[in-house]
**Q** 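Let me begin by handing over the structure; questions about it come next.
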2 protein chains.
Amino acid sequence: MGRQAVTIRDVAREAKVSVATVSRALNGHSNVAEPVRRQVLEVARRLRYSPHGAARSLSSRSTQTIGVVLPDLHGEFFSELIRGIDAVARARGRRLLLSSYHGDPDEQGAALRAMRGRVDGLLVMSPYGDRPGFLAENLPQLLPVVLINTHQPEPAWPALEIDNHAGAVAMVEHLLALGHRRIAFIGGPAHNHDARERLRGFRDAIAAHPGAVGEEYPGEFDEASGHRAGRAILASGTRPDAVFAANDMMALGCLYAFVQAGVRVPGDIALAGFDDIPLARFVHPSLTTMRVSIAALGERALARLLEQIEAGADGAETAGAAAGAAQVMVPELVVRESSGREAARAQARRGRPGKGRE
Amino acid sequence: MGRQAVTIRDVAREAKVSVATVSRALNGHSNVAEPVRRQVLEVARRLRYSPHGAARSLSSRSTQTIGVVLPDLHGEFFSELIRGIDAVARARGRRLLLSSYHGDPDEQGAALRAMRGRVDGLLVMSPYGDRPGFLAENLPQLLPVVLINTHQPEPAWPALEIDNHAGAVAMVEHLLALGHRRIAFIGGPAHNHDARERLRGFRDAIAAHPGAVGEEYPGEFDEASGHRAGRAILASGTRPDAVFAANDMMALGCLYAFVQAGVRVPGDIALAGFDDIPLARFVHPSLTTMRVSIAALGERALARLLEQIEAGADGAETAGAAAGAAQVMVPELVVRESSGREAARAQARRGRPGKGRE
DNA sequence: CTGAAAGCGCTTACAG
DNA sequence: CTGAAAGCGCTTACAG
C-alpha cells in the first residue's frame, strides 16, 4: 500500500471473484449476479479503486476523449469556442484533450499525430488547410475529424465555418444605409482566413455600391494595431465617414485613438467592429458589430463529430462520405451607438436589429 | 490498409527488424546502429506511423500529459490561467487534459478520479477544499498534485494562490488616501473563496481606519449583478464617495448603471475593481483595479508540478513533503481614472503605480 | 547492437 | 452468471 496504485486485480482478490467479473460489474454489464455486483462495487469503493485510463483505452479501443487542436487556447475567441465544445462534451460524458500550436505548422502536425490512441475523434482549426497535402498528411488516419474555420480548397473533411464574407457585406450595407459614403476598413493578418474573407466582403460590398468609397488600413486583430490604424486614419488627408474594423479588438483600439485625439464617435466619425465580444456593449459609445456565436460554433462542431464517432468504427470512410460543403454559420448585425446614433435609434424603433442581449 | 491503423509491428516487418528495435530507434535510444535507425525512421515516415498513445502510456508508465481540473473552462480568468499553463506545457512538451465541472462536487470528484492512468500530474482548482476529506477522497493517490486558489484548512498539498485579502486592503487604502471616506463594497458569491477573502480585506481595512465607513452590497461576479448593485447604491439614501467592486466585471456593470443614471465617475462617485481584465483600461473612465497576473499563476503552478513529477516516481510522498504553506501571489494596484482623476494624476507624477502596461 | 519475451492494466470473446 | 485466457500496442529488462 502507498507505493503501488490499486488495480483491478486487487479488487478481484479482495472481492473473491475474477478480474473479468470485476470489470463487468464496474462497467454495468447486465450479466453479473446482483449480490456479486454489490460486493464488487463495495470493495472498489473501499479500496478507492479507479480504473487505469490508458489500460482501459487500449483494450476497449475507446477513450471517451475528444482531441481539440487549436492555434491558441486563450483569448475571447478560443475561450468561447472551448466553452461551446466543453458544454457538449460534458453533456455527453466526454473529456477534452487540448493542444495549441501557436502558429507553428510543424508543431501543429506533431500535435495532430500525437492524438493517435488518445482520442476518439478530433476537432481541428488550422490556417494551413490551403497547403496542398497538409491536412491529409497530418490528420491521423481512421480518426473522425471535424474542421472548424479551416479553409479546404477541396472539401475532404466535414467542416463548420463562419460566413465572414456575408457578415462583412452586411456591415458595409448597414453603414451605407446610414448615409456613410467613405468607409475605411482596418484589415486583419494577411494569412488569416477570417481576415481575408472579411476583406473580400468589404471590397465586394463597396464595389457593388456606386458612390461608395473604400480605403484600407492594415491591422493584426489586436488592440495595438487598431490604435495605430486609428491614428493613421486621423492623419490621412481626407477623413472617412466611417471605420469598419475587421474585429472588435481593433475597433476598440481605434476608438481609443479617436478618444485620445478628441474625435467623437459617432458624431465625427462612425465606427463598427466584428465579433461582438462582451466588451462591445460596455464601451462608450457602445460598438456596432457583427455577432458571431463562437460558442454555438463549438457546440455544433462537437455534435457533428459525435455523430460520426457514434455512426461506427469506420472512421475515415464515414468522414469522407459526410464531408461535402462546409456547414456555414451567418453572423448577425448588432446595431449600437457607434455606427450613428440617429440611425441606430431609427432602426431600433422599427424593432429590427440588436434585439438580442441589449 | 485503410481499415487497420498501422502499428509498430507493421513498421518492424517492413524495416526487417524487431519491434524492440523500432521502439528504440523511434524513441531516440542510443543503442541502435545508425543505418538501422535511418531505415526505421524512413519506413515509419513512409507508412505514416504514429505510436498509439494509450499503449505507450501503459507500458512506459508515463503520459506526458498534465490533467487540469477547473470549475469552468471559459471566461477571462480561466482563459488566462489556461494560457499560463499552456505556455509552460508547450515549452516542456506536455499535453493538457482539461476537465470542468461547473460547480458540481460529484462531477469534480468524477473528473479527478478519471485522471488516473491518463496524466502524470494534476493541477486542480476547487472550491470544496474546505469540506473535510473531499480532496483526500477524490484526488488520485500517488499522483503529484498542485492546488490553485484552493483553500485547505490544513495544508496537505502544495498550493498556489492569490493573496486576495492583501489586495483588497491595498485598494481600500488607496481609496482612503484619495480622501474617500464612505466606501461601498460590491461582494462576490458567498461560497467563493476569492470573494470571501476580498470581503474580509475590505472589512479589515475599513475597521483599521477611524472615520472610514463601509457599506456592502451583494453581487455574483458578473456584469448583471454589478449593474443591479450600482442601481441599488444610487437608490440608497446616502451616496457613498467610492464603490469598490470585488471584481472588474461587476465594476463595469456598476459603471454602466451610473452612466445610464447620468452619474459621473469619478466626478460624482469613484469606482474601483479587482482583476485588471483587459477591458479595464478601455472603458471610459478607465478603471482603477488590482492587477492579478492569472497567467503567471498558471505558469508557476505547472512549473511547481513539473518539479514534483521530475523529482521522482514517489508521487504522493514527494507531494506531502513539499506541501507546507501555500505560495502566495500578491496583486498590484493599478491606478487609472475611475478612482479619482486628480489623485491619479498626482500619483502618476510621483511615478508610483500603474507603470505596468499603461 | 539486437531480438524474444514479459508485462503494463484493462476488456472481451470463448467455454462452461 | 463466471472464469481462464488472449489480446490491445507498446516498452524494457534480460540474454546474447
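No hydrogens, no waters, no symmetry mates; every other heavy atom, side chains included, goes into these values. Proteins come first, then strands; the chains are lettered A, B, ... in the order of their sequence lines, and each starts at number 1.
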**Q** Does dG16(C) have a Watson-Crick or wobble partner in any strand here, with both distances under 3.5 angstrom, and which is it?
**A**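 Paired with dG16(C), as far as the under-3.5 Å criterion goes, is dC1(D).
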
**Q** Would you mind building the protein contact string for nucleotides 8-16 of chain D? One character per nucleotide, 5' to 3', B for base within reach (heavy atoms under 4.0 Å), S for sugar-phosphate only, - for untouched.
**A** BBBSBB---

**Q** I want to verify a distance call: between dT2(C), dC1(D), dG3(D), whose nearest atom is closest to the Ala33(A) side chain?
**A**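 Side chain of Ala33(A) sits closest to dC1(D).
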
**Q** Regarding Arg37(A) and Glu42(A), does a basic nitrogen lie under 4.0 Å from an acidic carboxylate oxygen?
**A**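 Salt bridge: no.
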
**Q** Are side-chain heavy atoms of Met115(B) and Leu97(B) found at a separation under 4.5 Å?
**A**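 Sidechains of Leu97(B) and Met115(B): in contact.
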
**Q** Kindly indicate, with the supporting measurements, whether the criterion side-chain contact (heavy atoms from CB on, under 4.5 Å) is fulfilled by Arg90(A) and His102(B).
**A** CA-CA 10 Å; Arg90(A) 275 172 21 90; His102(B) 301 245; 3.0 Å; yes

**Q** For salt bridge (Lys or Arg N to Asp or Glu O under 4.0 Å), just list the numbers for Glu299(B) and Arg83(B), CA-CA rounded to whole Å, side-chain angles, deciding distance to a tenth of an Å, and then say yes or no.
**A** CA-CA 8 Å; Glu299(B) 287 173 18; Arg83(B) 172 158 79 105; over 6 Å; no

**Q** How far apart are the C-alpha atoms of Arg45(A) and Glu14(A), what are their side-chain angles, what is the distance that settles it, and do they pass the salt bridge (Lys or Arg N to Asp or Glu O under 4.0 Å) test?
**A** CA-CA 12 Å; Arg45(A) 212 184 45 65; Glu14(A) 193 81 4; over 6 Å; no

